Amino acid sequence: MKVTEHIKNAKGKTQVSFEVLPPLKGQNIKGIFDSIEPLMEFNPPFIDVTYHREEYEYKDAGNGLWEKRVVRKRPGTVGICSAIQNKFKVDAVPHILCGGFTKEDTENFLIDLDFLGIDNVVALRGDAVKNETYFKAEPKGNKYASELVAQISDLNNGIYLDPELENTSKTDFCIGVAGYPEKHMEAPNFDTDLKFLKQKIDNGAEYIVTQMFFDNTKFFEFVKRCREIGIDAPIIPGLKPLATLNQLNLLPHRFKVDLPDELVAEVLKAKDNAAIRQIGIDWCIQQSKELIQAGLPIIHYYSMGKADNIKKIIQSSL
Ligand code: FAD
């Protein structure tokens, strides 16, 4: 079923969805299943699986030179989605990136998904490769998520890259995109970022999932501004509980999100990571309760393979 249909079916009740990441190469799928199993009691309408592009590693070649190697540390997004659908009978939503993909690669990726019966995707640009400052698209790839959305929409209309293909089959993907309540880090300002978000919707995206945020007023303001410029698509809030002291600096650095004073003060007073984890849980419960009260049909949790804190949050919020 499409994510948008799940949203329509919510009928005033808040549902919860999760986001997991593929295991590191060398690990098996059991870890993913173990992290999903305890959350199945909440009947998630769908589970997202992130996509991780290639990274460059430099290895000492032993002759005074460094050898550059291209590695993908977390492959398996498509396989995991298919396995989740089979095992848990729940819709799996793979993330698909512009980065590292030519348009041909994208088309073939989407054909695989279509054949596997996966009909939801989240279309993203992706970040710069580690060790590089700016994102670079493949020479024959999509540069922005809006272009990727347009390519997926084309395929939904039976338009493939090869104009000579005849009697083509139409795919039927429901397309989600990312939105940033605190603005995307590269956008020159909020209004410009929203204009590009609208472009993604105009090109065929049907819903938005937000970057994590720790202050609900930022989410509500974001939704208001989206509506003011004519973005009518459902906006799903994304929440991640803070869990370690390191994240106090890491989350703002990596995701360009602000942590509220009150949360920071509590974390700084905490005696150890167990206490910090509890503060993160309590904070996320308050956020969840407020979002549920506001009537949001779905809350998306960045569970990232850790079920215990997410379970506590949902048990105390729903
Ligand atoms: P875009 O929408 O393309 O925007 C990127 C930047 O370009 C923005 O600053 C925007 O304002 C600007 N822009 C857009 N269009 C134009 C234009 N036409 N001209 C000029 N500027 C423009 N990363 C992963 O690698 N794997 C994942 O699985 C993954 N999942 C994610 C899930 C969610 C819900 C979110 C919020 C992020 C996720 N990311 C993931 C991170 C994401 O790839 C990065 O945030 C990336 O930097 C931007 O992706 P985007 O799709 O928002 O890009």
Side-chain angles (χ1 to χ4, degrees), residues 3 17-22 32 46-55 72-78 80-81 92-101 106 109 113 120-130 132-138 141-152 175-214 218-219 222 225-226 229 231 233-240 251-257 298-305:
V3 167
S17 60
F18 308 111
E19 185 156 315
V20 299
L21 71 171
I32 290 269
F46 59 87
I47 295 173
D48 278 37
V49 182
T50 54
Y51 190 94
H52 298 258
R53 62 175 302 185
E54 76 284 5
E55 295 175 25
R72 276 197 62 211
K73 293 188 175 165
R74 291 183 188 272
T77 300
V78 175
I80 291 166
C81 284
V93 186
H95 292 187
I96 173 170
L97 305 182
C98 302
F101 281 72
T106 300
F109 186 91
L113 297 180
N120 293 288
V121 285
V122 172
L124 301 141
R125 187 198 69 178
D127 286 318
V129 177
K130 259 186 202 154
E132 290 186 355
T133 314
Y134 299 106
F135 172 83
K136 277 196 222 116
E138 293 300 304
N142 292 304
K143 205 167 162 206
Y144 296 108
S146 55
E147 295 178 7
L148 175 57
V149 171
Q151 184 181 0
I152 305 170
I175 312 168
V177 289
Y180 301 83
E182 299 180 55
K183 178 184 98 58
H184 183 259
M185 61 186 90
E186 294 166 30
N189 58 51
F190 215 106
D191 285 342
T192 311
D193 203 26
L194 290 184
K195 193 179 91 190
F196 291 131
L197 176 59
K198 184 161 187 307
Q199 198 169 12
K200 297 194 265 194
I201 301 297
D202 292 345
N203 286 0
E206 291 176 76
Y207 71 99
I208 296 163
V209 189
T210 75
Q211 181 60 278
M212 68 185 78
F213 55 90
F214 294 86
K218 296 201 167 148
F219 171 77
F222 171 72
R225 289 177 77 170
C226 284
I229 63 157
I231 297 175
I235 302 177
I236 300 176
L239 292 184
K240 176 180 164 63
L251 297 177
H253 177 68
R254 198 114 181 257
F255 302 103
K256 300 291 176 290
V257 293
I298 296 186
I299 301 179
H300 187 67
Y301 290 95
Y302 293 105
S303 47
M304 313 314 269

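Order of appearance sets the numbers: ligands from 1, and atoms from 1 within every ligand. Residue numbers count from 1 along this sequence. Quick caveat, the model's predicted, so the values are computed rather than measured.
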Can a protein heavy atom be found under 4.0 Å away from atom 9 (O) of ligand 1?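 Yes, there is one.
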For the backbone of H52 and the side chain of R72, can you confirm whether one donor and one acceptor N or O come within less than 3.5 Å of each other?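 Side chain of R72 to backbone of H52, a donor-acceptor pair under 3.5 Å: yes, one is there.
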Heavy-atom contacts with [X] under 4.0 Å: which atoms of ligand 1 show up? List them by number with element.
X    : answer
Q199 : 18 (N)
L124 : 27 (C), 29 (C), 30 (N), 31 (C), 32 (C), 37 (C), 38 (C), 51 (O)
T50  : 28 (O)
A178 : 35 (C), 36 (C), 52 (O)
Y302 : 33 (C), 34 (C)
A187 : 9 (O), 11 (O)

Examine the proximity of ligand 1 to [X] and report which part, side chain or backbone, both or neither, has a heavy atom under 4.0 Å away.
X    : answer
H52  : neither
E186 : both
Y180 : side chain

Heavy-atom closest contact (H95 atom, D48 atom, distance):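 Heavy atoms of H95 and D48 come nearest at NE2-OD2, 2.7 Å.
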Looking at R125 and E186, is any side-chain nitrogen of the basic one under 4.0 Å from a carboxylate oxygen of the acidic one?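 Between R125 and E186 there is a salt bridge, with a charged N closer than 4.0 Å to a carboxylate O.
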Would Y302 and F255 count as a close aromatic pair, with their ring centres under 6.0 Å?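 Ring centres of F255 and Y302 not closer than 6.0 Å.
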For H300 and S17, does a side-chain donor sit closer than 3.5 Å to a side-chain acceptor?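 On atom types as modelled, these side chains qualify, holding a pair under 3.5 Å.
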Mind checking the CZ-CD1 spacing from F219 to I235? Nearest 0.5 Å is all I need.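 The CD1 atom of I235 is 6.0 Å from CZ of F219, to the nearest 0.5 Å.
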Once you round to the nearest 0.5 Å, how far does CG of L251 lie from CZ of F214?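 Here the rounded value is 5.0 Å.
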